[in-house]
Amino acid sequence: MKILIVDDQELVLLSLNKCLTDLGYEVLSSNNVFDAIKKYDQFEPNLVIADINMPVLEIETQKNDTTNINEKASGLEIVKYIKKIKKHATPVMILSGNNEEEIIVKGFELGAADYMKKPLSLNEIGARVRRLIGAENVISLVDINKNRNIQSTCTGVVIPCYNEETRLSSDEFKAFVHQNLSYHLCFVNDGSKDNTLGVLEELRKGNEDRISIYDCEKNGGKAEAVRLGMLHLAQQNQFDYIGFLDADLSTNFDDFDDLVKTISNSNYKIVSGSRINRMGADIAKESARKIISQGINLIIRKTLGMDFKDTQCGAKIMTKEIVEKTFQKKFLTKWLFDVEIFMRMKKVYGNEKAKALICEKPLNRWVHMDGSKLSFKDSFKIVGQIGQIALHYR
């Protein structure tokens with residue numbers, strides 16, 4: 001039994017390919033409609049699984065070796081090609097992170113046999129494939145694929161690391177990428193002097209498709225480490241959103257995933273975690289640090305002209321547009337680059353529009369971890385750095 005998978009996101013292709021191959025199917029994949037049509041004719045699959053939300057692509061072809069024309073195709077074109085042009089009975093399963101009725105109905109009108117909305121369970125995908133084309137020689141991997149899901153969006157996460165050898169929780173990172181197949185973690189080793197790089201290389205083993213390492217020879221500070229990592233991931237077309245998270249996981253993955261869900265279901269271009277202490281939340285800060293941070297935050301709010309409760313939380317998610325427009329130049333400071341991101345957004349979009357594009361989402365949990373690189377002495381230096389930012393971006 002042969003299956004052709006069509007999706008423009010590499011993480012999705014890798015997950016589906018491995019899942020279906022492990023189940024005993026022969027699998028071929030493609031990341032665009034034009035290539036998929038060629039492979040369909042050559043491969044003659046028993047089933048096609050296609051993402052209907054792939055972006056419209058434009059290619060240049062030649063007729064009679066003289067005329068250049070532009071052709072366009074979206075995800076539904078593969079269904080149209082198989083059912084309307086070739087008039088084949090080959091079943092097509094369409095996948096989508098979009099639940100718009102018009103698009104779904106269009107897929108069925110063209111002849112699609114099944115529809116699955118992301119997030120997708122690997123076990124459910126396997127069950128639906130077996131229903132459509134049978135499973136005479138297919139093995140069962142229900143327990144292995146339990147709780148493994150393909151999310152509705154592909155997300156890249158930058159995790160800056162400086163001398164984190166003893167604080168990196170390898171098991172948590174491995175468990176997260178094992179269960180959340182549309183996430184990619186990019187660890188930026190910021191010129192660590194301990195064995196952080198060795199720990200990261202060990203962590204990456206067996207997870208090369210979902211964990212990468214960006215190694216900086218010299219320590220440039222957290223701001224530069226995050227900036228380089230964000231620009232590195234922005235070069236890859238597969239990510240819908242890119243964000244950053246602290247290596248100590250003081251903000252956990254459950255809260256970070258909530259930030260991703262918030263931005264994917266809204267028109268916001270950046271969603272920032274907020275460590276607001278409130279009923280029902282587990283926000284643990286040292287008393288002295290809490291008092292200092294409240295004072296600093298008041299100054300930041302006056303400088304920004306925005307009613308931000310917590311600009312400095314190390315968990316943020318944003319669109320590629322924000323990365324491309326605010327991360328190109330180095331930041332002035334090592335610790336207040338979050339404030340600089342928002343100041344740069346004001347420069348690009350204007351004050352009122354920038355406010356409408358930013359969402360501050362309260363976290364359910366945040367715990368201060370021992371070994372923080374920011375000392376109390378540094379906290380007082382921040383006041384001067386806020387003044388520097390205010391003068392530079394005025």
Side-chain angles (χ1 to χ4, degrees), residues 158-160 162 188 190 220-231 234 242-247 250-251 256 259 263 268-276 283 285 289-319 321-363 366 368 372-394:
V158 172
I159 303 172
Y162 177 66
V188 180
D190 186 24
K222 182 179 180 181
E224 185 63 2
V226 170
R227 190 183 77 88
L228 291 174
M230 297 288 280
L231 290 174
I242 304 172
F244 54 89
L245 186 65
D246 287 338
S250 50
T251 300
F256 190 84
L259 302 185
I263 196 170
Y268 296 122
K269 292 187 181 295
I270 181 167
V271 177
S272 178
S274 181
R275 299 163 293 184
I276 300 173
I283 309 296
K285 287 185 179 181
R289 187 179 293 272
K290 182 178 179 180
I291 295 170
I292 293 173
S293 65
Q294 287 176 342
I296 290 174
N297 182 255
L298 177 61
I299 301 171
I300 289 174
R301 286 162 63 185
K302 296 296 183 182
T303 303
L304 274 175
M306 296 181 179
D307 191 24
F308 245 105
K309 298 297 186 292
D310 181 13
T311 59
Q312 300 311 108
C313 178
K316 291 177 174 60
I317 188 74
M318 61 196 73
T319 63
E321 178 184 330
I322 297 300
V323 178
E324 292 164 354
K325 291 183 177 181
T326 63
F327 280 76
Q328 296 299 331
K329 294 182 179 180
K330 284 188 175 184
F331 295 107
L332 296 177
T333 64
K334 291 184 177 182
W335 297 105
L336 290 176
F337 67 96
D338 310 72
V339 179
E340 292 190 62
I341 293 171
F342 302 131
M343 293 294 270
R344 291 179 182 186
M345 284 185 70
K346 289 176 64 173
K347 283 276 189 180
V348 174
Y349 300 102
N351 188 55
E352 293 306 312
K353 187 175 180 180
K355 287 181 182 179
L357 297 178
I358 301 169
C359 172
E360 190 175 18
K361 183 174 177 57
L363 302 175
W366 187 87
H368 170 71
S372 172
K373 306 300 185 304
L374 187 64
S375 67
F376 283 110
K377 184 178 179 181
D378 292 326
S379 298
F380 290 110
K381 289 181 181 178
I382 283 176
V383 177
Q385 293 177 3
I386 295 172
Q388 182 185 4
I389 290 172
L391 289 172
H392 183 83
Y393 292 102
R394 74 178 186 273

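Below, each value reflects all heavy atoms present in this structure, side chains not excepted, and no hydrogens, waters or symmetry copies.
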Handout entry: Over 12 foreign heavy atoms within 6.0 Å of NZ, Lys353
Key = no

Fill in the blank from the handout: When every non-hydrogen atom of Asp190 is compared with those of Gly221, the smallest separation belongs to OD2-N, 3.0 Å

Problem - Rounded distance (nearest 0.5 Å) linking atom OG of Ser272 with atom CD of Gln312 - result: 9.0 Å

Exercise for the section: Using the ring pair (Phe, Tyr, Trp, His ring centres under 6.0 Å) rule, take Phe244 and Phe256 through it: C-alpha gap first, then chi angles, then the decisive distance, then the call. Expected result: CA-CA 9 Å; Phe244 54 89; Phe256 190 84; 8.6 Å; no

Could you pull out all donor-acceptor pairs under 3.5 Å where a side-chain atom in residues 325-332 meets a protein atom, sequence neighbours excluded?
from, atom 1, to, atom 2, distance (Å)
Lys325, NZ, Glu321, OE2, 3.4
Thr326, OG1, Ile322, O, 2.6
Gln328, NE2, Glu324, O, 3.3

Exercise for the section: Start with the C-alpha distance between Ile300 and Leu336, add both sets of side-chain angles, then the distance that settles side-chain contact (heavy atoms from CB on, under 4.5 Å), and finish with yes or no. Expected result: CA-CA 10 Å; Ile300 289 174; Leu336 290 176; 4.3 Å; yes

Handout entry: Rounded distance (nearest 0.5 Å) linking atom CD of Glu352 with atom CG of Leu357
Key = 11.5 Å

Fill in the blank from the handout: Scanning both residues in full, the closest heavy-atom pair of Tyr349 with Ala354 reads CB-N, 4.1 Å

Practice task
Answer with yes or no whether the side chains of Thr333 and Gln388 bring together a donor and an acceptor at under 3.5 Å.
Solution key: no

Exercise for the section: Check whether more than 12 heavy atoms from other residues, nucleotides or ligands sit under 6.0 Å from atom NZ of Lys355, and answer yes or no. Expected result: yes

Problem - Pairwise side-chain contact, Val339 with Gln385, heavy-atom cut-off 4.5 Å (strictly under) - result: no

Practice task
With the side chain counted from C-beta on, respond yes when Glu340 and Ile389 share a heavy-atom pair under 4.5 Å apart, and no when they do not.
Solution key: yes

Handout entry: Stepwise side-chain contact (heavy atoms from CB on, under 4.5 Å) check, Leu231 with Val323
Key = CA-CA 7 Å; Leu231 290 174; Val323 178; 4.2 Å; yes

Handout entry: Sidechain-backbone polar pair: Arg344 side chain, Ile341 backbone, donor-acceptor under 3.5 Å
Key = no

Handout entry: Non-hydrogen atoms of Val158 and Ala225 that approach each other most closely
Key = CG1-O, 4.4 Å

Exercise for the section: Would you indicate whether Phe337, at its atom CZ, is surrounded by more than 12 heavy atoms from other residues, nucleotides or ligands within a distance under 6.0 Å? Expected result: yes

Problem - Test side-chain contact (heavy atoms from CB on, under 4.5 Å) applied to Asp310 and Ile276, step by step - result: CA-CA 8 Å; Asp310 181 13; Ile276 300 173; 5.5 Å; no

Practice task
Using the salt bridge (Lys or Arg N to Asp or Glu O under 4.0 Å) rule, take Lys222 and Asp246 through it: C-alpha gap first, then chi angles, then the decisive distance, then the call.
Solution key: CA-CA 10 Å; Lys222 182 179 180 181; Asp246 287 338; 2.8 Å; yes

Practice task
For the pair Lys346 (side chain) and Leu304 (backbone), establish whether a donor and an acceptor sit closer than 3.5 Å, ignoring hydrogens and angles.
Solution key: yes

Problem - Nearest atoms (heavy-atom pairs only) where Cys313 meets Leu363 - result: SG-CD1, 3.7 Å

Problem - CA sep, side-chain torsions, deciding dist, call: Ile270, Met345, side-chain contact (heavy atoms from CB on, under 4.5 Å) - result: CA-CA 10 Å; Ile270 181 167; Met345 284 185 70; 3.8 Å; yes

Problem - Heavy-atom closest contact (Thr311 atom, Lys316 atom, distance) - result: O-NZ, 2.8 Å

Practice task
Could you verify whether a donor N or O on one side chain and an acceptor N or O on the other, from Glu360 and Ser274, lie under 3.5 Å apart?
Solution key: yes

Exercise for the section: Heavy atoms only: give me the nearest Phe308-Phe342 pair and the separation to one decimal. Expected result: CZ-CZ, 3.4 Å

